[in-house]
Amino acid sequence: MTSFDFTTPAFRALVLPNAPLMTLGAGYAWLEGPVWCGDANQLLVSDVPNDRILRWTEDAGVSVFREPSGFANGHTRDRQGRLIGCSHQQRAIIRTELDGSLTTLAGHYEGKRLNSPNDVTVASDGAIWFTDPPYGINTDYEGGKQIAELPSRVYRLDPESGDLAIVAEDFVGPNGICFSPDESRLYIAETGQQFVADGASHIRVFDVAGGRALENGRFFHKVVPGAADGFRCDQDGRLWTSAGDGVHCLSPEGEILGKIFTGGVVSNLCFGGRDRSRLFICAAHALLAIYTNVRGAQWP
Ligand code: MG
C-alpha cells in the first residue's frame, strides 16, 4: 500500500488511499524536468547525468527521446505545444520546434553566458520564466565544470522582443519555478545551501506585476526534509513539491496538507495522464506515478 502522511484531514480527499505508487522505470542517474504532453499521451523527463531525455508512454514504457540532450534539465511547453527546455551544457534555453529542430532562445545576458538554466515555465502571454543557478557547471557530472560568468538569477524572456530581463537576483540557488493557476503568483525554490543557517531549502512566493515583474517576495514554506527542487500546482492552487522523503502537498497559504512517501528523495514532478490527475514523480533514480483525486493546473 502506498504510504501517506495525513497531516491534515483535508488531504484524505486529495489522494486515493487505494491507488498504488507504481514504478514506471528504474536505474536512472538523476531524473528531472518532467513534462506531460497530452496530445502525444507521453511524458518526457530528463536523466541529467546520462545526458538524455526519456519518453514514457502507457503502451511502450520508457524509451530514449533524445541523446545527447545537452544535459537537459527542466522542461515545460509553450501554448503552441513546443517543448521548452533547460540545457546545462549549452547553458541556454532551448525550444524544440514542431518539426523537431532546435532553437536557442537565450544563452547570454549582456554578452555573458548564462550559468546552467535549471527549471522553466511559460506564462499565457508566451513569456518564458526560468531559474539560472550554477549547479550544472559546478561539476562534470551534470554538464561540465565551467566558470560562472553571472550571478544566480531568475529571468523573464519576452515573447515578442526576445529580450531577457532579470526578475529576481536575491537567490543563491534558484531552482523550481511555477505559476499559480491564475498567474497572479510565482513560486520559486531556493536550494542554495548557504542561504539559511540550517541549510534547509525553502520556497518563496512573489506577486506577479503586469505579467512582467515580481513584487512582494516572501517566504512561503520550508521543506523538511530535503529540498523543493521542483513543483507544480493543481487546479485549485495547491502546490505539490518534491521533498527528501517524497511529495509534499502545500496549501496556497504555505501550510503542509499531507505527504506521499516514496521511500527516498524526489527531485521533481508533474501532473499528466487522463484528466491530468496522475502525478508523475522523479524519485531520483526511478520514475514513479500515482493517481490522485485532484487535477493538475491547466498548463504545466
Ligand atoms: Mg531543478
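Ligands are counted one by one from 1 in listed order, and the atoms in each one are counted from 1 as well. Remember, it's a predicted structure, so these values are computed and weren't measured experimentally.
Screening the protein for N, O or S atoms under 2.8 Å from the Mg ion (ligand 1) yields 4; no waters enter the count.
The structure places CD1 of Ile256 at 5.0 Å from NE2 of His221, a figure rounded to the nearest 0.5 Å.
A salt bridge does not link Arg156 with Asp163: none of the charged nitrogens is closer than 4.0 Å to a carboxylate oxygen. Ion pairing between Asp132 and Arg113 fails under the 4.0 Å rule for side-chain N and carboxylate O. Remark: Glu97 engages Arg95 in a salt bridge, criterion side-chain N to carboxylate O under 4.0 Å.
For the 3.5 Å distance criterion, the side chains of Asp234 and Trp240 qualify, holding a donor opposite an acceptor.
Within the structure, side chain to side chain donor-acceptor pair (under 3.5 Å) contacts touching residues 63-73 (residues at least two apart or in different chains) are Asp51-Ser69, Arg66-Thr96, Asn73-His88.
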